Amino acid sequence: MSQSLLTTRMLEALSAGRKALIPFLPGGFPDKERFFDELAALDAGGADIIEIGVPFSDPVADGPVVEQASLDCLLNGTCLSWLLHELEKRKGQYRAGLVLMGYYNPFLQYGLDQLAEDAAAAGVSGFIVPDVPLEESGPLRAALDKHNLDLIPLVGLNTSEERLAAYAKDARGYVYFVSVLGTTGMRESLPTEIKERLTAVRRLFKVPVALGFGIKSPDQLTAFGDLVDGVVFGSALIAHIKAGGTAAEFMLRWRS
Amino acid sequence: MKKGYYGDFGGQFVPELLMPPLLELEEAMRTIVPSEAFQTELKALLADYVGRPSPLYRCPNLSKELGFDLWLKREDLNHTGAHKINNTMGQGLLTKYMGKKVLLAETGAGQHGVATATAAAMLGLDCIVYMGAEDVVRQSHNVRRMKLLGATVVPIESGTKTLKDAINAALRYWIAEQNTTHYCFGTAAGPHPFPLLVREFQAIISLEARAQCLGKMGRLPDYVVACVGGGSNAIGMFHHFVPDASVKLIGVEAGGTGEPGCYHSAPISLGTPGVLHGMRTMLLQTTEGQIQPSHSVSAGLDYPGVGPEHAALGASGRVRYDVAVDSQALAAFEALCRREGIIPALESCHAVAWALNPASDIPKGSQVVVCLSGRGDKDLDIIESYANKPGGAK
């Protein structure tokens with residue numbers, strides 16, 4: 001199997017001497033029109049991978065900022081089929097690798113085979129599904145494999161070595177390390193035991209490592225040095241846009 | 001069968017961060033729950049603190065009017081007034097044996113919150129209860145009880161502000177506090193092993209009821225009926241009767257107002273399969289997989305999903321799931337109050353309503369057992385607000 005575009009983008013950032021930048025933006029946020037402008041701005045602003053949230057009514061792994069954005073998107077009429085359709089129209093316009101991040105039920109109702117087919121046609125390279133742990137990943141993985149789409153594993157501070165190894169076995173794209181025992185959202189500081197777990201992740205996984213959940217500013221990454229290849233930021237970006245800012249300004253801060 | 005599945009339903013659809021505490025709980029179920037020490041302590045608590053066994057009571061007046069024997073399994077007579085205490089004493093004790101300090105719960109009608117707060121107080125644990133802001137208003141009586149028992153009640157303002165949002169919030173809290181906290185799930189739903197664990201503690205209902213039927217009727221009953229929200233009283237009431245092919249098992253879901261287009265709480269009868277709260281089950285959802293609001297006059301049945309074993313029992317045909325609407329439940333409430341001197345919970349009234357409904361076509365002379373899952377003190381404000389509506393119950 002050829003190298004995943006997501007892996008390629010992470011490695012390109014590394015060889016340019018920086019961490020890969022992975023912004024998260026809910027599909028249809030802040031509204032359906034502006035979403036694609038902001039997506040383009042993130043891409044032009046140096047995002048290596050963009051995680052696009054698929055809104056769900058009950059986002060259990062998310063904190064209040066992402067949850068509210070997700071519910072706002074549902075209210076403004078965002079749905080998975082709209083998102084895939086609009087992305088397909090723009091296929092090839094983005095340099096960044098695109099990942100859909102969402103909960104399982106909307107994907108299931110869409111139909112997993114249809115989902116994989118339409119996502120590939122829309123230029124999506126991978127999926128993150130927070131409520132599908134290893135034990136339940138079989139059907140989704142089988143559907144995604146047919147179209148060479150990556151299922152990005154989410155692992156965390158409390159994931160045992162045994163489970164890390166099981167996730168690492170078939171991991172493609174990158175591995176998403178959740179920095180806190182908690183939901184998404186900005187935090188002032190990150191737990192100290194991250195370093196130890198990241199060392200195990202680094203040893204067991206062949207794919208690059210992204211750090212996410214709780215990341216508010218670039219300074220928080222310096223402690224992890226070579227253990228992290230990329231950083232995911234969602235709540236901070238959403239809050240910035242909600243406060244009247246733009247994705248372009250936000251990316252400037254992270255690039256420097 | 002895949003671990004944690006009932007037919008096509010069940011599973012563990014949770015963030016990876018919740019897998020370690022779920023695996024820890026599975027291990028505790030395997031090693032602690034069957035141990036002699038645990039079982040001896042739990043049996044003593046159930047007998048002397050909860051007040052088990054609960055009676056199986058034949059309603060003399062309604063039986064005469066109906067032409068069949070109507071029996072009630074009196075879970076309303078348990079300490080705290082509902083079947084919920086069976087589960088919370090079990091999970092509370094398990095929490096102690098696991099060395100954790102905090103009992104976390106979500107609650108809809110508040111009965112599970114009260115039962116968790118009670119178990120926590122009795123066992124020396126801290127207690128945090130998440131409750132939808134709408135339910136906090138609907139069930140203020142139970143909120144006051146929880147606070148008196150020392151629990152911290154957290155109103156949830158997100159989403160539909162009811163049970164489903166309280167479960168989301170509790171799952172989030174558990175992710176962060178899993179090292180010190182046990183999530184005392186309130187119904188036989190959620191990710192494996194909760195449906196199994198809750199059934200384990202609620203199966204005492206049918207264990208007793210089956211023996212009581214054989215003693216009092218001299219045979220097995222013809223019908224066993226229970227209301228189904230998440231489905232914990234029903235799975236407890238059905239469990240030991242499931243192998244008895246002659247016993248018809250009836251689960252009664254809440255139909256809301258019953259008007260076209262209204263929200264209801266009947267996912268087995270009117271929903272479709274999907275994934276929510278860690279399980280694949282029958283759900284009220286849009287074609288795009290968004291969870292729809294539910295509604296019932298009974299806050300305790302107001303949930304858009306159902307325990308996965310019920311979904312499987314429905315799919316296999318072993319249990320028949322029907323719907324009772326708000327007005328039928330309110331009529332059943334009045335019937336039990338006036339004819340039998342029993343003030344039942346609105347949840348239980350849905351099951352009683354099925355038995356009272358002529359359309360259920362129960363043959364004369366039948367033996368019908370209904371699980372009276374709780375008492376109705378908590379519902380008096382709701383009952384009175386309906387009675388004061390034009391055309392409402394007198």
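The structure displayed is predicted, hence computed values, not measured ones. Order of the sequence lines fixes the chain letters, A, B, ..., with proteins taken first and strands second; residue numbering starts at 1 for each chain.
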* **Among B:V228, B:L313, B:V198, side-chain contact (heavy atoms from CB on, under 4.5 Å) partner for B:I235** => B:L313
* Do A:I194 and A:P191 have side chains that get closer than 4.5 Å, going by heavy atoms? -> yes
* Structure fact -> Cut-off 4.5 Å, heavy atoms of chain B, and the answer for A:Q68 is neither
* What about the rings of A:F36 and A:W82, do their centers lie closer together than 6.0 Å? -> yes
* Structure fact -> Note: vs chain B, highest number of non-hydrogen pairs under 4.5 angstrom among A:V155, A:V178, A:L74 is A:L74
Listing, residues 49-64 of chain A side-chain donor-acceptor contacts under 3.5 Å, not counting sequence neighbours, or none:
residue, atom, partner, partner atom, Å
A:E51, OE2, A:Y174, OH, 2.7
A:S57, OG, B:I291, N, 2.9
A:D58, OD1, B:K164, NZ, 3.3
A:D58, OD2, B:K164, NZ, 2.8
A:D58, OD2, B:N168, ND2, 2.8
A:D62, OD1, A:T184, OG1, 3.1
A:D62, OD2, A:Y103, OH, 2.8

* Option in B:A176, B:G11, B:G278 with maximal non-hydrogen atom pairs under 4.5 Å from chain A -> B:A176
* Non-hydrogen atoms of chain B under 4.5 Å away: do they reach the side chain of A:L80, the backbone, both or neither? -> neither
* Asked: Does any heavy atom of chain B fall under 4.5 Å from the side chain of A:V129, the backbone, both, or neither of them?
  -> neither
* **Residue-level interface, residues 181-197 of chain B with chain A, non-hydrogen cut-off under 4.5 Å** => none
* Asked: Out of A:Q109, A:E67, A:E135, A:E136, which one racks up the most heavy-atom pairs below 4.5 Å with chain B?
  -> A:E136
* Just by distance, with hydrogens left out, do B:D302 and B:T162 show a side-chain donor and acceptor under 3.5 Å apart? -> no
* Structure fact -> Checked B:Q285, B:E177, B:Q292, B:R280 vs chain A; the most non-hydrogen pairs under 4.5 Å come from B:Q285
* Decide if the gap between the ring center of A:F35 and the ring center of A:F29 is smaller than 6.0 angstrom. => no
* For B:Q178, is it the side chain, the backbone, both, or neither that has a heavy atom closer than 4.5 Å to a heavy atom of chain A? -> side chain
* To do: Return the orientation label for the B:Y173 and B:Y130 ring planes: parallel under 30°, perpendicular over 60°, tilted otherwise.
  => tilted
* Answer yes or no: is there an ion pair linking A:R202 with A:D229, defined by an N-O contact shorter than 4.0 Å? => yes
* **Residue part contacting chain A, namely of B:T160, when any heavy atom lies under 4.5 Å** => neither
* To do: Go through the structure and list residues passing ring pair (Phe, Tyr, Trp, His ring centres under 6.0 Å) with A:F177, not counting sequence neighbours.
  => none
* With sequence neighbours left out, write down each residue that passes salt bridge (charged side-chain N to carboxylate O under 4.0 Å, His left out) with B:E288, or none if nothing qualifies. => none
